[in-house]
Amino acid sequence: MISVIVPCYNEEKSIRNFHKAISEVMKNQAPYELVFVDDGSRDDTLKLLKEISYKDDAVHYISFSRNFGKEAAMLAGLKFAAGDAVIIMDADLQHPPSLIPEMIRHYYDGYDQVIAKRNRKGDALFRTAVSKLYYRLMNKMVDVELVDGVGDFRLLSRRAVDALLALNEYNRFSKGLFSWIGFEEYVIEYENVAREEGTSKWSLPKLINYGIDGIISFNNKPLRLSIYFGLVITFLDILYILFIFFRILLYGIEVPGYFTIIASIMLLGGIQLVFLGVIGEYIGRIYYESKRRPHFIIKNTNIGITDQDLHTNRIGQKSKV
Ligand code: UDP
Ligand code: MG
């Protein structure tokens, strides 16, 4: 069986079309289930999901008590999915269901991750340029490899899903996690599709924060960089102090020095604040991890679960046994 996981946040306009399109494709493929995760939508998403689930036995839904974010929604989907393989895709039809047969074929060929990679046709030029630059810098810094255009649209084997579920961190950066678990990958390329209904939930500040998450989640290089930078600055400082010291020995004390003092105070102050921020960012993460809060809270679902189940992975499988 194959599980299709669909995070939905305010997708009332897309859900019906999506359900139709995906069912059309899946019925010719393999036994399947659709796991919709309503991420605390404020529109009629949940109502529509319930409606669809009455008519279609393949439809399962999980509804969160509030908006926990797409990462949490995907995690819930992975925990509940009972399939031997899992496909994660968006509800807005930007991930074309027509790619699925090919993805499943490669899964049968033995690949544990089949990744659908989009090109950037139709994206704003500015966003494309910034993304390209980001990935170039990012791959220099982080330990895992991230590829531009590769998102969450992918098929994962049961082995890969279990590996992901074993990573229980609170701050989840899936793009990095997918790459971290490894396994054989196969990449399919597809043409970028514009969103048909509703609006994207990504604003520029959100994207910037996501970018920073990506860098901080996967390594301690920013901390290491701070040390090197600090060492270089200290070294330059020592040279400068020696220079002034010998000048005083040779020419005596010279009172005017306002510019150099202010300049060094400002520069060092700025650098220190930046690195305090870097350190704070890591401490913040430790703080969140140490609370061990759940990633999401379920308000409503048509999958039978008990409290006990919530603490184990593969909830869907368990409930169906
Ligand atoms: N999504 C979600 N929770 C959120 C934001 C988005 O579950 O807090 C879902 C959304 O419903 C969609 C998918 O994640 O199915 C991708 O979101 P969107 O289309 O807004 O992102 P984009 O395609 O612009 O990257
Ligand atoms: Mg989208």
Side-chain angles (χ1 to χ4, degrees), residues 3-22 34-49 52 59-81 86-97 99-100 115-124 126-128 130-132 134-135 146-154 170-175 177-178 190-211 213-214 295-301:
S3 305
V4 180
I5 296 173
V6 197
C8 308
Y9 179 51
N10 295 342
E11 297 285 3
E12 60 177 9
K13 293 200 183 102
S14 308
I15 282 187
R16 277 217 184 85
N17 290 341
F18 176 81
H19 175 243
K20 215 156 111 197
I22 193 77
L34 306 175
V35 182
F36 288 94
V37 186
D38 164 36
D39 185 11
S41 301
R42 263 170 248 173
D43 61 1
D44 278 339
T45 300
L46 179 59
K47 204 177 121 204
L48 281 173
L49 289 178
I52 296 173
V59 172
H60 296 144
Y61 65 84
I62 303 152
S63 178
F64 289 172
S65 61
R66 65 168 171 85
N67 181 244
F68 281 89
K70 189 184 177 190
E71 293 288 346
M74 287 195 294
L75 179 67
L78 290 172
K79 282 195 179 183
F80 280 73
V86 156
I87 297 170
I88 303 174
M89 60 196 300
D90 289 358
D92 55 11
L93 287 174
Q94 278 186 301
H95 295 163
L99 289 180
I100 288 180
I115 303 163
K117 175 174 183 263
R118 73 181 175 106
N119 61 21
R120 288 198 167 267
K121 216 181 95 194
D123 265 15
F126 178 69
R127 194 173 150 179
T128 310
V130 172
S131 298
K132 283 225 170 94
Y134 173 72
Y135 282 102
L146 302 178
V147 185
D148 188 16
V150 165
D152 304 320
F153 184 20
R154 62 181 66 215
Y170 188 79
N171 290 288
R172 296 184 80 79
F173 185 76
S174 281
K175 263 192 196 190
L177 298 180
F178 290 140
Y190 71 96
E191 286 277 301
N192 195 17
V193 190
R195 193 181 237 281
E196 277 179 20
E197 304 283 352
T199 48
S200 168
K201 279 95 204 170
W202 288 100
S203 56
L204 190 64
K206 263 195 177 173
L207 276 176
I208 292 173
N209 281 328
Y210 185 71
D213 275 350
H295 295 86
F296 51 82
I297 293 170
I298 295 172
K299 175 178 75 181
N300 227 318
T301 173

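All ligand and atom numbering here is 1-based and tracks the order in the structure. Computed from heavy atoms alone, side chains included, the values below leave out hydrogens, waters and symmetry copies.
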J.: Under 30°, 30 to 60°, or over 60°: which ring-plane class applies to H95 and F153, parallel, tilted or perpendicular?
T.: parallel

J.: Before giving the answer on side chain to side chain donor-acceptor pair (under 3.5 Å), spell out for E11 and T45 the whole-Å C-alpha distance, their side-chain angles and the decisive distance to 0.1 Å.
T.: CA-CA 6 Å; E11 297 285 3; T45 300; over 6 Å; no

J.: Of the protein's non-hydrogen atoms, which lies at the shortest distance from atom 20 (O) of ligand 1, and what is that distance?
T.: K201 N, 2.7 Å

J.: Does atom NZ of K299 have more than 12 heavy-atom neighbours, drawn from other residues, nucleotides or ligands, at distances under 6.0 Å?
T.: yes

J.: Which residue owns the protein heavy atom closest to atom 14 (O) of ligand 1, what's the atom, and how far is it?
T.: K70 CD, 3.2 Å

J.: Are any N, O or S atoms from D92 nearer to the Mg ion (ligand 2) than 2.8 Å?
T.: yes

J.: To check your reading of the model: name the closest protein heavy atom to atom 15 (O) of ligand 1, its residue, and the distance in Å.
T.: P7 O, 2.8 Å

J.: Write out the residue and atom name of the closest protein heavy atom to atom 10 (C) of ligand 1, then the distance separating them to 0.1 Å.
T.: E11 OE2, 3.1 Å

J.: May I ask you to list the atoms of ligand 1 that are less than 4.0 angstrom from any heavy atom of G69?
T.: 3 (N), 8 (O)

J.: Whether D90 and K70 form a salt bridge (side-chain N of Lys/Arg under 4.0 Å from carboxylate O of Asp/Glu) is what I want to check.
T.: yes

J.: When rounded to the nearest 0.5 angstrom, what distance separates CZ in F80 from CG in L75?
T.: 10.0 Å

J.: Which heavy atom of the protein is the closest neighbour of atom 23 (O) of ligand 1, given with residue, atom name and distance?
T.: Q94 OE1, 2.7 Å

J.: Out of V37, D39, T45, L93, indicate the one that has the non-hydrogen atom closest to atom 4 (C) of ligand 1.
T.: D39

J.: Show the atoms of ligand 1 that are less than 4.0 angstrom away from any heavy atom in D92.
T.: 19 (O), 23 (O)

J.: When you look at I100 and M89, which way does the side-chain contact (heavy atoms from CB on, under 4.5 Å) test go after all the steps?
T.: CA-CA 10 Å; I100 288 180; M89 60 196 300; 3.7 Å; yes

J.: Tell me, which protein residue and heavy-atom name are nearest atom 1 (N) of ligand 1, and how many Å apart are they?
T.: Y9 CB, 3.7 Å

J.: Considering only the protein, which heavy-atom contact is closest to atom 21 (O) of ligand 1, and what is its distance?
T.: W202 CD1, 3.1 Å

J.: Determine, stepwise, if the pair H295 / Y170 fulfils ring pair (Phe, Tyr, Trp, His ring centres under 6.0 Å).
T.: CA-CA 7 Å; H295 295 86; Y170 188 79; 5.8 Å; yes

J.: Would you say A73 has any N or O atom under 3.5 Å from an N or O of ligand 1, going by distance alone?
T.: no

J.: So which heavy atom in the protein is nearest atom 16 (C) of ligand 1, and how far is it from that ligand atom?
T.: D90 OD2, 3.1 Å

J.: Any idea how F18 and F36 line up, ring-wise: parallel (<30°), tilted (30 to 60°), or perpendicular (>60°)?
T.: perpendicular

